[in-house]
Structure formats: structure tokens, C-alpha cells
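Worksheet for the structure shown next.
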Number of protein chains: 2
Amino acid sequence: MTNQPEAVPDAQSGEVPTWRDRAVERSLRGARAKAMSRSDRFIDAAMEILSETGRTDFTVQELIERSKTSLRSFYQHFSGKEELLLALFEEIITTTSEEWSEEVEQVDALTSLRLLLDRIYGQAAGPGGAGINRALSVFHLHLAESRPADYARVLAPLRVLIHEQVEKGIAEKTIRADLDPDILATIMLQTLVGAAHMHALGAQPNGKPIDSDRLWDFCLGGLKA
Amino acid sequence: MTNQPEAVPDAQSGEVPTWRDRAVERSLRGARAKAMSRSDRFIDAAMEILSETGRTDFTVQELIERSKTSLRSFYQHFSGKEELLLALFEEIITTTSEEWSEEVEQVDALTSLRLLLDRIYGQAAGPGGAGINRALSVFHLHLAESRPADYARVLAPLRVLIHEQVEKGIAEKTIRADLDPDILATIMLQTLVGAAHMHALGAQPNGKPIDSDRLWDFCLGGLKA
DNA sequence: CCAGGGTGGAAGTCACGTTCTCAAAAACGC
DNA sequence: GCGTTTTTGAGAACGTGACTTCCACCCTGG
């Protein structure tokens, strides 16, 4: 029931939800440790580890060494390792969803969805991108298992985004109207996220990754009017 | 956070025992502990726990108590807990794949695929079905993360099965031929397995589970010629 | 100025997978 | 049957890693 780490000091200042604007981008360029609040240091260090190793099984010890803080302090800010990861995860999803939301604002529904597919499924590139991607997938799975409700909550922004595009497409008459848009959006999300997981983990059942064009071809069939 | 939104409402339709049911039954049948090999005792006990709790985080201690064996013996037969689960998982996939393979032998491709969708995604009915379902999903995820190669290997029979149906459908001209059947099969598998995970874990992003008809509707769009 | 709370440091607790010890029990070869 | 070898049971022991506790410093705000 404790969805939030209650001990976070900045929580009372009111700007809780925006953990860090541009968390991904900025936190990868370091050298500002001094200026940052404690919580930021932890988040930052975790992000570093994730992008370097792509694994979520780093030890808390490792985290505090890297962030140059103490165990004592860590547990003052987060109720546990999982809370830290959850905060990170949520932040990334929220941030990127907002970003993508702007990107697709002016475009027609099918193009938007295609773009989202590329973003969700295809972004194994970039600095630390693959690592973060893998880590995100891993944590997706952890979270889906251990706290399905939180998982659903955290993923909501993305689902809403897709949902909006589906509605848009229905209005444009390019997307089928015989399925509940909510259901359609959920199926799309699941398909994309599932594919992204396998892609990021390199667990393609047939050995070679599916390229996004094919995946889109498939989805398009299920989507269009 | 009681993660139990899974009093699956639409679970009624199938009184046909699902693959998980059969697997459970096969493995639980009879009091033949004495006659069983040690390995079987472990496998058997694990299957029991899985079907009762749906969790893979039982302790090895619990396992050996239930199987009335010893720790010493356990590590004689399995290199670790993960190996045991892997064996179990592989066994279930192999067995059920063979079973389903027979089921779809005489049917047209689209009907076959629909049937497979129901089997894979479908209702966690029957004794221990939900538990096994959940446990399998959880282990799917663990495995995909920790040993992608093993994951792909273990899932292969299922992928092959779907692949065969896709080929059949192409021959029947009911399934599109413009996509590589192998790719198509992989996408289908991913979609179904991904949906099954969310379903079993009760992590539907929109709160309510997708019923299999809708999911089929979507897939059909991506499949048909 | 001083009380209270954040902080680092280090030691301690706990759970759990895994390994080790040792003697009893089975299994096996003859 | 009878030695020998292998397997087993019972449980102690070890390693690791999350989390806690204790304590002695800072700080800072009232």
C-alpha cells in the first residue's frame, strides 16, 4: 500500500511527480554530484549503473559507493532497493511519454502509432540506450510480477498515449471502430512492450530479431479499419 | 496490494482441460512416491507448490520438506533451484506442445491458431490451473531475463507449432504470404505469450483483462491474407 | 546556543541458496 | 551373505545481499 517512499524530504516541497526533468539525458552526464540532493545522487548513480550494465541486480552497496553516500542515508530516502527502481522507472516512463506525446501531436493516427512502435520497440541505439533498455525490460518484468498494480499504474501514461492515438484514428476512420479503443490500445501496448522485452533481452525465439517494419505490418492488420 | 484481480470472469467457457491442468494432473496423479525416482519427487513437489501458490519464490527448504527428501539429495540431482524450475518448465512446454500438435492436426489453419490462442492465453481454469499459469508466467520472465538462450530453446516447440499452422494457412491461402512465416509465427507467439503473462499476473494496464475474442480479432487482422 | 534531524561508518540481523560433514542405508558385485 | 561403493538424511555451516541499529558527528533553525 505504500506506493511512495515516504521519507523523501523533497516530497513535502510539492514538486513530487517530476522527479527530475530529463532524467535520462541529464543524469548520464555527471560531475554535478555536489549540487544534487541526496535523492538525486541515488537516482543518478542507479541510472549510471543501469546504463552501463543493463542489470538491476547491482547491490545496494555498489550503489552507495558510486553515489558516495551511506547505507544509512539510502534507507532514509527510499524504503528499499525496489522503491528506488520504481521511482526511476516511473520517471523514465513519464518523461518519455510526455516527450512522445508532443512528437505525435500533429500527425495522423497511423503515423503516430508507427512512430510509437519505433520508439518503444526500436530504441536500442544511442549512448547507454541498450543498457537502459535492457534494464527497463528487466524491471518491467520484475514489477509486473511483484506488484502488478504498480506496474499498471506506472505504465498508464504510455497506455493513455496509445489510447489517444487509437481514438484519433477512429475519428479519422483509419482505425477500426468495432473494437473498444481501450482494449485495442491495451493489446497494442502489450504487443509492443512484449516484443520490446524479447528484443532487449535477446530472447527472440527464432534466433534473429524481428525488424520493426514487420512488426508494424502485423499490427497494422489488427488496427486498420 | 493483493495482486489477485484474477477471478477471471470469462473463464467459464472452456471446460476442456487446459494444458496446465493436464500437466498438473499428470504430475500429481497418484500416491506413488515410493516408486518414483528422486528427481521425480522433486519435480512433483515443485509442481504441487506451483499449482497451490503460483509463486516460484518458495524456498528450497520448503521443497525438500514437501518431497520428504533432503537438501543433500536435492543438490545431488539438480545443480540448483533454477535448474529444477527449468526442467519443470521445459517438460510442461514440450508435453503440451505435443498435445496441442495433435489437437490441431485435422483443422484448418485459422481455427488451429484460434485454438492455440485459447490454450496459451486462455482461462486458468481447473484445479491449480491459475497457480500454474501464474507460476509459468513468472518463470517465463525469470528465464527470459537470466538465460535468454535457454528461454528461446525451451519455447521452440511452441514456436514450431505455430509456425506449422502459419505455413498451413499460407497453403490454404487464408494467411497472408507477404510476411516471412517464421517472422509471423514469432510475432504471434510473442503477442500471445505477452498477453498471457499480463493476464496471469493480473497486470492488465487498463485494469480489466482482455477477453480472448478481442485478442483474436486483433491477431486475425495481422494474420489473414 | 542548543535541540533535532540528516549523515557517514561500521557492526549486526535475517533470509535463503548452496556446500560440507558424517554416519546410516541402499545398491551392487561376487 | 558380505565387503565395497554410492546415495541418502539430518543438520550445521558458509556466502551474499537486503535491511537495521547504534553512535558520534555535523548542520541548521528557532
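The model shown is predicted, which means the values in this text are computed figures rather than measured ones. Every heavy atom of this structure was used, including side-chain atoms; hydrogens, water molecules and symmetry mates were not.
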Output a table of nitrogen or oxygen pairs between the protein and nucleotides 23-28 of chain C separated by less than 3.5 Å.
none

Any protein N or O atoms within reach of nucleotides 12-14 of chain D? Criterion: under 3.5 Å, listing atom names and distances.
none

Expected output: side-chain A:R159 to main-chain A:L189 donor-acceptor under 3.5 Å
no

Is the distance from OP1 or OP2 of C:dT19 to the nearest side-chain N or O of B:Y75 less than 4.0 Å?
no

Closest non-hydrogen atom pair between B:R41 and B:S67, with its separation:
NH2-O, 3.0 Å

Distances under 3.5 Å only, N/O to N/O: pair up the protein atoms with those of nucleotides 5-9 of chain D.
residue : atom : partner : partner atom : Å
D:dT8   : OP2  : B:H77   : NE2          : 3.2
D:dT8   : O3'  : B:R38   : NH1          : 3.1
D:dG9   : OP1  : B:R38   : NH1          : 2.4
D:dG9   : OP2  : B:R38   : NH1          : 3.4
D:dG9   : OP2  : B:S70   : N            : 3.3
D:dG9   : OP2  : B:S70   : OG           : 3.4
D:dG9   : OP2  : B:S73   : OG           : 3.4

A:R66 (side chain) donor-acceptor with A:A45 (main chain) under 3.5 angstrom
no

Short question: side chain of A:K208, backbone of B:I183 - any donor-acceptor pair under 3.5 Å?
no

Taking the six-membered ring for Trp, are A:F89 and A:H140 parallel (under 30°), tilted (30 to 60°) or perpendicular (over 60°)?
perpendicular

According to the interplanar angle, ranging from 0 to 90°, do the rings of A:F42 and A:F74 count as parallel (below 30°), tilted (30 to 60°) or perpendicular (above 60°)?
perpendicular

Remember a base hit wins even if backbone is also touched, and classify B:F58 as base, sugar-phosphate or nothing at under 4.0 Å, heavy atoms.
sugar-phosphate

With distance as the sole test, does A:K81 use its side chain to make a donor-acceptor pair with the main-chain N or O of A:F58 at under 3.5 Å?
yes

If every non-hydrogen atom of A:P148 is compared with every non-hydrogen atom of B:G202, which pair is closest and at what distance?
CB-O, 3.7 Å

